[in-house]
2 protein chains.
Amino acid sequence: MTKSRKKTSDSILSPFDKGSYEPAYSQIANILKQHIRTGVFRPGDQLPAESELCRQYQVSPMTVRRAINMLVDQQVATAIRGSGTYVNKPEIGAANFHLQELQDFFSGSDISIKLLNVNIVKANEKIAAMLNTTVGEKTIHIRRLLKKELQPAFYHCEYLIYDPKLPTVETEMEMTSLRELFEGSGSNMIKRGAIVIKAALLTDEEAAILKVKTPMAAFYLEHTFYDFNDAPISWGYFVCPGDRLNFKTDVGIV
Amino acid sequence: MTKSRKKTSDSILSPFDKGSYEPAYSQIANILKQHIRTGVFRPGDQLPAESELCRQYQVSPMTVRRAINMLVDQQVATAIRGSGTYVNKPEIGAANFHLQELQDFFSGSDISIKLLNVNIVKANEKIAAMLNTTVGEKTIHIRRLLKKELQPAFYHCEYLIYDPKLPTVETEMEMTSLRELFEGSGSNMIKRGAIVIKAALLTDEEAAILKVKTPMAAFYLEHTFYDFNDAPISWGYFVCPGDRLNFKTDVGIV
DNA sequence: TAGTGGTCTAGACCACTTA
DNA sequence: AAGTGGTCTAGACCACTAG
């Protein structure tokens, strides 16, 4: 059954495929993870030393090192200099939630974005605070409704600094695809963004738009984007009823 | 090939400190990030080629390679083989939320955990489904109240498979520190966990315990832990009123 | 074809832990 | 003192992209 594509002496000591397109460091990391998964190495156990892995898989230290680094990056193990590398036990505190999954939530079919309205409005106190400007300053207010399979899924509300010199206006207004929405402006003037997830009650207006009954708990996904002078360019939030969205993740070996 | 410690030749071409305790690859990654931060490299721009960086900083390819990998891992840049490495633009979809911050939320002073009660209860349909067992099976029910600065912050509810053979019972019951709570059982029999964050309305009971008025939106942080046979060992959830907790993160260069 | 990123080697030296 | 992880070198070969 086995087809050794190498003629050198390996076979038993090199249980990974050097002819594969998967890099050796990745294969070694996956082998170790598989051993953890099947209980060969248990949480708290010490993994074989790097020198031992070098002998076992007949690769150079740098390669085995990179495999170990993968496990450490993935919070599968912890390396302690002078002591060893140890398997982590699953911790709630080690959980990470990736909003990439939100895009997956939408990816697929039957997604549409309805532009509810676009206005020039004067900033009230809240908006002025979030955009670090003064009350009464002109801002562009955009409201959108994201539908999945014809059902309202997300309500999006955004305020943009009104600056006739910038092309932001048209750029933002024309954003009708989810990808663009999630990526923000297509321009290269945005340096960074701050994202906050809150849980709060839907307002009556939002509930009406999203076609749900109050009281209803919802996720509020706030986003503020800053230019290269660290000045806010836009502030807004996505709203999604709590019964239509979860954030999931795993800890430990999956 | 003399490889003596050359005391010169760094100076201008090596704008990083070879004597520092910070590794060269890390320093180079930070220098590049600083350049992105200050707008020298903008989103969409191509970073200098690896060979160019090797010349510039007088380090080996592997070192520069690791610096680039750091930026790619941090979603600061994207490497395209045969083309180049390009600066990413900030995307909402690139946001990651780390529950580690939740521990920080609690870390510090004035944290207490009050054990509300521990009972042996028979699983109802919901519990049986989550623990993959049958209705009526014995489970251990634990309820805790986590306080910060004497104010109720989290309510925690957990169900454990009742197995007299396992030491889990005492282990879980005695968990009174937050660290233990977040790490789960101290044993090494847990292979993995599944974490879900939901937004929902507080029940009247929870609202009473947490001393808030209804209706109130709250985060529900569900956790299920599995043993090495992929059988659920415990299921439970943390509840926190929405006005007492946010999840924050950043995209782009911070 | 020239340039780019991706992998890998076979060592070296260092810092640290443990006994 | 022995063993461990952490960094780094100075090349090599490969796969891919673009002019």
Side-chain angles (χ1 to χ4, degrees), chain A residues 5-6 8 10 13-14 16-32 41 44-73 75-88, chain B residues 1-7 9-10 13-14 16-32 41 44-73 76-88:
Chain A
R5 67 179 70 216
K6 260 191 57 174
T8 64
D10 60 312
L13 283 181
S14 293
F16 73 97
D17 182 4
K18 287 199 174 181
S20 164
Y21 281 105
E22 188 184 5
Y25 70 87
S26 176
Q27 290 187 52
I28 293 173
N30 283 329
I31 290 171
L32 291 174
F41 302 128
D45 286 357
Q46 181 173 359
L47 292 179
E50 298 184 353
S51 56
E52 169 61 25
L53 293 172
C54 289
R55 279 193 298 274
Q56 192 168 342
Y57 298 109
Q58 291 294 300
V59 294
S60 76
M62 277 297 281
T63 302
V64 113
R65 177 111 281 278
R66 194 161 174 191
I68 299 291
N69 277 342
M70 278 189 71
L71 300 186
V72 173
D73 288 345
Q75 303 184 90
V76 170
T78 301
I80 300 176
R81 190 197 312 228
S83 173
T85 304
Y86 303 89
V87 179
N88 290 338
Chain B
M1 294 308 205
T2 63
K3 253 184 49 87
S4 56
R5 284 262 159 247
K6 39 172 80 171
K7 46 180 152 183
S9 81
D10 37 290
L13 282 182
S14 294
F16 72 96
D17 182 4
K18 287 198 176 183
S20 164
Y21 281 104
E22 188 184 3
Y25 70 87
S26 176
Q27 291 187 52
I28 293 174
N30 284 328
I31 290 171
L32 292 174
F41 303 127
D45 286 357
Q46 181 173 359
L47 292 179
E50 298 184 355
S51 56
E52 169 61 25
L53 293 173
C54 289
R55 280 193 297 273
Q56 193 168 341
Y57 297 110
Q58 291 294 300
V59 294
S60 75
M62 277 298 280
T63 303
V64 110
R65 176 112 280 278
R66 193 161 175 192
I68 299 291
N69 276 343
M70 278 189 71
L71 300 186
V72 172
D73 288 346
V76 169
T78 301
I80 300 176
R81 185 190 323 217
S83 173
T85 305
Y86 303 89
V87 179
N88 290 339

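Proteins get letters first, then strands, A, B, ... in listed order; numbering begins at 1 in each.
- Residue B:I68 is out of contact with every strand shown, counting any heavy-atom pair closer than 4.0 Å.
- B:E52 places its CD atom 13 Å from the C1' atom of C:dG3, with the value rounded to the nearest Å.
- Separating the CZ atom of B:R66 from the P atom of D:dA10 is a distance of 18 Å, rounded to the nearest angstrom.
- Residues A:S83 and A:V64 each lie close to DNA chain C; by heavy-atom proximity, the contact nearer the 5' end of the strand is made by A:V64.
- Per the geometry, OH belonging to B:Y57 stands 14 Å off P belonging to D:dC8, to the nearest Å.
- Note that the CZ atom of A:R65 and the CE atom of B:M62 stand 11.0 Å from one another [nearest 0.5 Å].
- Side-chain atoms of B:Q46 come within 3.5 Å of backbone N or O of B:S83 as a donor-acceptor pair.
- In this structure, CZ of B:R65 is placed 14 Å from C1' of D:dC13, rounded to the nearest angstrom.
- Between A:Y25 and C:dT7 there is a side-chain polar atom (N or O) within less than 4.0 angstrom of OP1 or OP2.
- Although no hydrogens or angles enter the test, the distance criterion places a donor-acceptor pair under 3.5 Å between the side chain of B:Q58 and the main chain of B:R55.
- Annotation: side chain of A:Y57 is not in contact with side chain of A:T63 (no heavy-atom distance under 4.5 Å).
- Residue A:S51 places none of its side-chain N or O atoms closer than 4.0 Å to OP1 or OP2 of D:dG3.
- Here B:T85 reaches the OP1 or OP2 of C:dG5: one of its side-chain N or O atoms lies under 4.0 Å away.
- At least one donor-acceptor pair closer than 3.5 Å links the side chain of B:Q27 to the backbone N or O of B:D17.
- Between the OH atom of A:Y21 and the C1' atom of D:dA15 there is a distance of 9 Å, given to the nearest Å.
- If you take CZ of A:R81 and C1' of D:dA2, they are 17 Å apart, rounded to a whole angstrom.
- Annotation: of the two residues near DNA chain C, A:P61 and A:P23, the 5′-most nearest-nucleotide partner is A:P23.
- Regarding A:M62, its CE atom lies at a distance of 14 Å from the P atom of D:dA10, rounded to whole Å.
- Summarising the geometry, the separation between CD on B:Q46 and P on D:dT17 is reported as 14 Å, rounded to the nearest angstrom.
- A 3.5 Å limit on both hydrogen-bonding distances identifies no Watson-Crick or G-U partner for D:dG19.
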